[in-house]
Protein chains: 2
Amino acid sequence: MRKSRRERLEREGWVVGSVKEFLGLSEADAVLIEMKLSLSRSLRERRRRYGLSQIELARRLHSSQSRVAKMETGDPSVSMDLLVSSLLLLGATSSDLAKSIRGEGRNKNGRAA
Amino acid sequence: MRKSRRERLEREGWVVGSVKEFLGLSEADAVLIEMKLSLSRSLRERRRRYGLSQIELARRLHSSQSRVAKMETGDPSVSMDLLVSSLLLLGATSSDLAKSIRGEGRNKNGRAA
DNA sequence: ATGGGATATGTCGGATCTGACATAAGCTCA
DNA sequence: TGAGCTTATGTCAGATCCGACATATCCCAT
């Protein structure tokens, strides 16, 4: 019983069913990149809202101005972990991050989440 | 004028105002770890929903069984990028990820987002 | 019990990310 | 103009993460 569904699915091979359930490799990265860009925008927005320069923020993060710049410009060398932990340090809540990740980055005031 | 707020904030020094606007370093990682654990649970849930073994999933991800195990057990060597891109490949949407990150991981059916 | 599939844990070389530094480019104000 | 502040870009050594492999543990069916 527990196995019936499983075996059925396995027989189907690579892609399960006709509805595409799995994203292709490239499509998945595209979405990931979008998410990171959205987080980048949120970071810049949040930093500016607090009137901090990149250097000042870098100090709080125990990082450097150049890395902050890379975070905000969406440099590919920046991980999601770094973006998220930086946002958290700037006081973003899980809900704020969720909004940003969801792509509802900009609200009616033109602010990033 | 654009500067007045900024200068006022800067004068305050490390923490702006009496309301805590910035998270401490350790508090921020705690939240980050929580988020990653939530993503881990989502991954396991999603894999099982498709009736895949870790080996089968690893193949789709071009990864290995041991890394999948580490992802699902919340091993500290696993990045958020890896968790998120794996979930995306398994067909999770941005909204699914947002829910998981927000900590609303489990719904009324006991399912992870 | 035991054999086999599934999952967990430890380790390692290579890949990627990080902070730091240097330097360039943009802005604003005197 | 140019001094001073801010942000962007390139580079690099060290830190961290990744896939892979080996091995251990767990869980069922037999």
Side-chain angles (χ1 to χ4, degrees), chain A residues 1-7 9-11 25 28-29 32-33 35-37 39-90, chain B residues 1-7 9-11 25 28-29 32-33 35-37 39-90:
Chain A
M1 15 186 59
R2 179 161 141 5
K3 268 199 167 178
S4 63
R5 171 177 168 77
R6 196 217 147 148
E7 282 166 350
L9 290 168
E10 281 181 332
R11 256 186 284 109
L25 230 24
D29 311 335
L32 180 62
I33 288 174
M35 285 177 33
K36 292 217 229 169
L37 284 176
L39 292 169
S40 292
R41 287 190 291 269
S42 298
L43 182 66
R44 169 157 286 174
E45 182 102 21
R46 199 165 267 274
R47 174 178 63 81
R48 288 188 171 156
R49 214 182 297 161
Y50 286 115
L52 298 171
S53 67
Q54 291 182 348
I55 289 194
E56 291 164 331
L57 176 54
R59 231 163 247 139
R60 288 176 201 276
L61 299 176
H62 303 301
S63 180
S64 62
Q65 179 270 325
S66 59
R67 191 126 298 269
V68 172
K70 286 176 219 284
M71 287 192 232
E72 293 187 353
T73 54
D75 188 286
S77 82
V78 173
S79 73
M80 192 160 170
D81 296 69
L82 187 63
L83 285 166
V84 168
S85 59
S86 299
L87 279 161
L88 289 173
L89 228 66
L90 267 177
Chain B
M1 16 209 56
R2 165 137 158 26
K3 266 198 166 178
S4 64
R5 170 178 167 78
R6 190 212 154 157
E7 281 165 352
L9 289 169
E10 281 181 332
R11 255 187 284 108
L25 230 24
D29 339 311
L32 181 63
I33 289 174
M35 284 178 32
K36 291 216 231 171
L37 285 175
L39 292 170
S40 292
R41 288 189 291 269
S42 298
L43 183 65
R44 170 158 285 174
E45 182 100 22
R46 199 164 266 274
R47 174 178 63 80
R48 288 189 171 154
R49 214 182 297 161
Y50 286 115
L52 298 171
S53 67
Q54 292 182 345
I55 290 192
E56 291 163 331
L57 176 55
R59 229 163 250 141
R60 288 178 201 276
L61 299 177
H62 303 300
S63 179
S64 62
Q65 179 270 325
S66 59
R67 191 126 297 267
V68 172
K70 285 177 221 285
M71 289 192 230
E72 294 187 354
T73 55
D75 187 286
S77 82
V78 173
S79 71
M80 193 159 168
D81 297 68
L82 187 63
L83 285 166
V84 167
S85 59
S86 299
L87 278 161
L88 288 174
L89 232 68
L90 266 177

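The chains referred to below are lettered A, B, ... by the order of the sequence lines, with proteins before strands, and numbering in each begins at 1.
Partners of B:S64 under the side-chain hydrogen bond (donor to acceptor under 3.5 Å, both in side chains) rule, at least two apart in sequence or in another chain, are B:S66. For the side-chain hydrogen bond (donor to acceptor under 3.5 Å, both in side chains) test, residues two or more places apart in sequence or in another chain that qualify with B:D75 are B:S77. Evaluation of the side-chain hydrogen bond (donor to acceptor under 3.5 Å, both in side chains) rule for A:Q65 yields A:Q54 as partners, not counting sequence neighbours. The side chain to side chain contact (heavy atoms under 4.5 Å, CB included) search around B:L89 returns A:L25, A:A28, B:L61, not counting sequence neighbours. Every residue two or more places apart in sequence or in another chain was checked for a salt bridge (Lys or Arg N to Asp or Glu O under 4.0 Å) with A:R67, and none qualifies. B:S79 is linked by a side chain to side chain contact (heavy atoms under 4.5 Å, CB included) to A:D81, B:D81, B:L82, counting only residues two or more places apart in sequence or in another chain.
As a whole-Å value, the separation of B:Q54 CD from D:dC27 P is 14 Å. Rounded to an integer number of Å, the gap from CD1 of A:I55 to P of C:dT23 is 16 Å. Computed from coordinates, the A:D29 CG to C:dT16 P distance equals 13 Å when rounded to whole Å. Here C:dA15 presents its C1' atom at 14 Å from CG of B:D81, a figure rounded to the nearest Å. Distance, A:L43 CG to D:dA8 C1': 15 Å, rounded to whole Å. Here the P atom of nucleotide D:dC18 and the CG atom of B:L57 are 14 Å apart, to the nearest Å. In this structure, NE2 of A:H62 is placed 18 Å from P of D:dA15, rounded to the nearest angstrom. One interatomic measurement links the two molecules: CE of A:M80 to P of C:dC17, which rounds to 14 Å at whole-angstrom precision.
Scanning residues 64-75 of chain A for heavy-atom distances under 4.0 Å to DNA chain D yields A:Q65, A:S66, A:A69, A:K70, A:T73.
Closest non-hydrogen pair, A:L87 versus A:R46, comes out as CD2-CD, 4.0 Å. The shortest non-hydrogen separation linking A:L32 to B:L88 is N-CD1, 3.8 Å. Nearest heavy atom pair, residue B:M35 against residue A:V84, reads CE-CG1, 3.7 Å.
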Identify each atom pair where a protein N or O and an N or O of nucleotides 27-30 of chain C are less than 3.5 Å apart, giving names and distance.
none

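The CE atom of A:M80 sits 9.5 Å away from the OG atom of B:S85 when rounded to the nearest 0.5 Å.
Look at B:R44 and you'll find a side-chain N or O under 4.0 angstrom from OP1 or OP2 of C:dA8. For B:S77, no side-chain nitrogen or oxygen approaches OP1 or OP2 of D:dC17 to under 4.0 Å.
Between the side chain of A:K36 and the backbone N or O of A:L83 there is no donor-acceptor pair closer than 3.5 Å.
Annotation: the terminal axes of the helix from C:dA1-D:dT30 to C:dA30-D:dT1 meet at 40°, where each axis is the rotation carrying the C1' atoms of four end pairs onto the next four (5 pairs per end, rounded to 10°).
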